[in-house]
Q: 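Quick one: structure below, then a few questions.
For ligands, and for the atoms within them, numbers begin at 1 and follow the listed sequence.
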Amino acid sequence: MRAVVLVGGFGTRLRPLTQHRPKQMLPLLDRPMIEWVAEHLGRAGVDEIVLALGYKPEAFLDAYPEGTCAGVRMRYAVEPEPLGTAGAIRFAAAELGLDRGDEPFLVVNGDVITDLDIGELVDLHRSSGAEGTIALSPVDDPSRYGVVPIDRDGRVEAFIEKPDASTAPSHWINAGTYVLEPALLARIPADRAVSVERETFPAVVAEGGLYALESDAYWIDAGTPETYLRVQLDLAQRRTGPDASWIHPTATVAPTAHVERAVIGAGVVVADGATVVRSVLGAGSRVGAGSTVHRSVVGPAAIVGDGASVHGLSVLGDAVELAPGAALRSARLPDGE
Ligand code: GTP
């Protein structure tokens with residue numbers, strides 16, 4: 001089976017980390033996000049993926065010049081301008097000739113990390129004869145997502161983008177993994193940006209052609225500082241056990257430093273008496289003596305000066321220097337870029 005992976009968004013919610021690279025090239029532990037996604041697809045039997053590229057496509061082309069990613073053959077479709085999620089699917093599918101075939105194909109959001117059973121999703125798609133079949137995940141607060149109520153057979157009844165929390169008819173949300181028939185592509189206008197969530201899926205629902213699978217499998221959309229942090233702590237826990245930290249072998253952590261449930265990248269230095277808790281330190285960053293990093297992300301090569309503190313889901317961008325003794329709380333540095 002073949003898959004379109006959407007990686008062309010601007011990743012604005014993860015700025016400033018996405019200022020110099022697309023979201024899916026940000027690391028999760030020791031590898032870019034896209035490799036975790038490609039590996040999951042490969043394990044599900046996907047033999048070729050096409051990256052739907054828009055923002056900073058060269059980052060992917062440079063990283064995978066051989067056209068393989070995590071062992072899966074990979075091709076590229078670079079949009080001339082942002083086409084939205086549906087426009088990107090149409091454009092990438094045409095590059096692969098998927099629109100001329102009669103085989104269903106997969107589409108995944110490139111910023112979703114999940115253990116979803118893709119085979120089960122494909123089985124439901126084939127048995128229902130749907131035009132499209134999507135995975136759903138449960139969330140506590142559906143108001144940031146597309147909420148998708150279904151009937152007993154799995155047929156989607158409505159597709160409600162970002163409902164008010166109090167009126168949401170279900171807590172099952174669009175999880176960003178789809179099986180689509182080539183026929184669905186003809187619904188997507190070619191001459192403008194189109195959102196699959198806001199336009200295409202609601203139109204298919206109106207004709208009863210969209211099905212969905214509710215899945216409790218691990219799922220996270222890693223597109224915000226909070227979830228980018230959380231997914232890494234979850235992945236670290238899988239590797240190292242509960243409450244342990246994941247520390248790259250080339251990192252240096254002073255014996256007097258206190259490190260707890262943290263992800264510490266290659267070449268990082270954590271100096272004497274520093275405290276790092278529930279945080280991610282990007283490759284080559286430095287946490288100075290006596291400083292504190294708590295529930296925050298320190299970008300690659302950034303420096304937290306001696307005695308400084310970084311708290312409350314703060315984000316330090318690439319090579320940013322926080323002055324000794326400075327305090328950053330729930331803030332981004334640089335801000336507004
Ligand atoms: P924010 O700017 O933070 O809202 O994120 P985003 O637009 O990068 O990502 P969002 O979660 O809204 O989009 C879901 C997926 O679709 C992500 O993997 C994006 O990279 C991708 N995506 C969004 N818009 C486009 C587009 O116009 N073209 C392509 N190729 N991919 C897109």
Side-chain angles (χ1 to χ4, degrees), residues 3-26 28 32-38 40-41 49-61 63 69 74-96 98 105-114 116 134-135 137 139 142-146 148 159 161-162 173-178 180 185 188-201 219-231 297 313 315 317 332 335-337:
V4 172
V5 183
L6 297 173
V7 295
F10 291 107
T12 46
R13 287 166 299 162
L14 268 178
R15 282 191 195 153
L17 298 172
T18 45
Q19 204 181 328
H20 302 290
R21 63 188 75 73
K23 179 163 48 178
Q24 296 81 3
M25 286 304 293
L26 291 174
L28 299 181
M33 194 183 294
I34 186 64
E35 294 190 22
W36 295 85
V37 174
H40 181 233
L41 291 172
I49 64 185
V50 59
L51 290 189
L53 297 166
Y55 177 61
K56 296 194 183 298
E58 64 287 350
F60 297 96
L61 299 158
C69 181
M74 185 159 79
R75 288 164 61 171
Y76 304 103
V78 185
E79 290 152 40
E81 67 214 348
L83 294 174
T85 43
I89 294 168
R90 187 184 206 273
F91 185 82
E95 288 279 308
L96 270 187
L98 294 170
F105 58 94
L106 275 166
V107 176
V108 301
N109 282 356
D111 50 5
V112 165
I113 300 298
T114 179
L116 171 75
I134 73 176
S137 283
V139 290
S143 59
R144 281 200 298 129
Y145 302 95
V148 185
F159 209 95
E161 254 319 270
K162 302 190 171 62
I173 56 127
N174 170 14
T177 301
Y178 320 132
L180 304 181
L185 297 166
I188 305 169
D191 53 348
R192 60 179 175 88
V194 183
S195 159
V196 78
E197 301 87 353
R198 289 191 197 86
E199 292 186 55
T200 316
F201 285 157
W219 178 90
I220 195 162
D221 161 358
T224 68
E226 198 248 323
T227 55
Y228 178 63
L229 185 57
R230 181 143 48 91
V231 70
V297 180
L313 283 176
V315 182
R332 299 174 189 221
D335 196 10
E337 291 185 37

Q: Would you call Glu161 and Ser195 a side-chain contact if the rule is heavy atoms closer than 4.5 Å?
A: no
Q: Using a 4.0 Å cutoff against the non-hydrogen atoms of Ala88, which atoms of ligand 1 qualify?
A: 28 (N), 29 (C), 30 (N)
Q: Look at atom 22 (N) of ligand 1 and say which protein heavy atom is nearest, naming residue and atom and giving the distance to 0.1 Å.
A: Gly9 N, 3.5 Å
Q: Considering only protein heavy atoms, which is closest to atom 18 (O) of ligand 1, and at what distance to one decimal place?
A: Leu6 O, 2.7 Å
Q: In the structure I gave you, are the side-chain heavy atoms of Asp111 and Asp221 within less than 4.5 Å of one another anywhere?
A: yes
Q: Below 3.5 angstrom, do we get any N/O pair linking Glu79 and ligand 1?
A: yes
Q: Would you indicate which of Gly54, Pro57, Gly84 comes nearest to atom 26 (C) of ligand 1 when only heavy atoms are counted?
A: Gly84
Q: Among protein heavy atoms, which lies nearest atom 8 (O) of ligand 1, and at what distance?
A: Gly11 N, 2.9 Å
Q: Just let me know how Leu14 lines up against ligand 1, side chain, backbone, both or neither, with a heavy-atom cut-off below 4.0 Å.
A: neither
Q: Please find the pair of heavy atoms, one from Arg90 and one from Ala190, that lie closest to each other, and give the distance.
A: NH1-CB, 3.1 Å
Q: Using a strict 4.0 Å cut-off to heavy atoms of Phe10, name the atoms of ligand 1 that fall inside it.
A: 8 (O)
Q: Are side-chain heavy atoms of Glu35 and Cys69 found at a separation under 4.5 Å?
A: yes
Q: Taking non-hydrogen atoms only, is Ala52 closer than 4.0 angstrom to ligand 1 via side chain, backbone, both or neither?
A: both
Q: Counting only nitrogen or oxygen atoms and a 3.5 angstrom limit, does Gly110 reach ligand 1?
A: yes
Q: Can you list the atoms of ligand 1 that are under 4.0 Å from a heavy atom of Lys23?
A: 5 (O), 6 (P), 8 (O), 9 (O), 11 (O)
Q: Suppose we measure from atom 11 (O) of ligand 1 to each protein heavy atom; which comes out shortest, and what is that distance?
A: Arg13 NH2, 3.1 Å
Q: Could you list which atoms of ligand 1 come closer than 4.0 Å to a heavy atom of Gly8?
A: 20 (O), 29 (C), 30 (N), 31 (N), 32 (C)
Q: Using a strict 4.0 Å cut-off to heavy atoms of Thr12, name the atoms of ligand 1 that fall inside it.
A: 1 (P), 2 (O), 3 (O), 4 (O)
Q: Is Val37 close to Ile113 at the side-chain level, that is, under 4.5 Å between some pair of heavy atoms?
A: yes
Q: Going by the order shown, which atoms of ligand 1 are within less than 4.0 Å of some heavy atom of Asp111?
A: 11 (O), 17 (C), 18 (O)
Q: Do Leu14 and Val297 have side chains that approach each other closer than 4.5 Å (heavy atoms only, starting at C-beta)?
A: no
Q: Mind telling me whether Phe159 and Phe201 have parallel, tilted or perpendicular rings, with 30° and 60° as the class edges?
A: tilted
Q: Under 4.0 Å from atom 13 (O) of ligand 1, do we find at least one protein heavy atom?
A: no
Q: Quick one: are Tyr228 and Leu17 in side-chain contact, heavy atoms under 4.5 Å?
A: yes
Q: The test is side-chain contact (heavy atoms from CB on, under 4.5 Å); show your working for Trp219 and Thr177 and say whether it passes.
A: CA-CA 11 Å; Trp219 178 90; Thr177 301; 5.8 Å; no
Q: Does any part of the side chain of Pro82, heavy atoms only, come nearer than 4.5 Å to the side chain of Phe10, both counted from C-beta?
A: yes
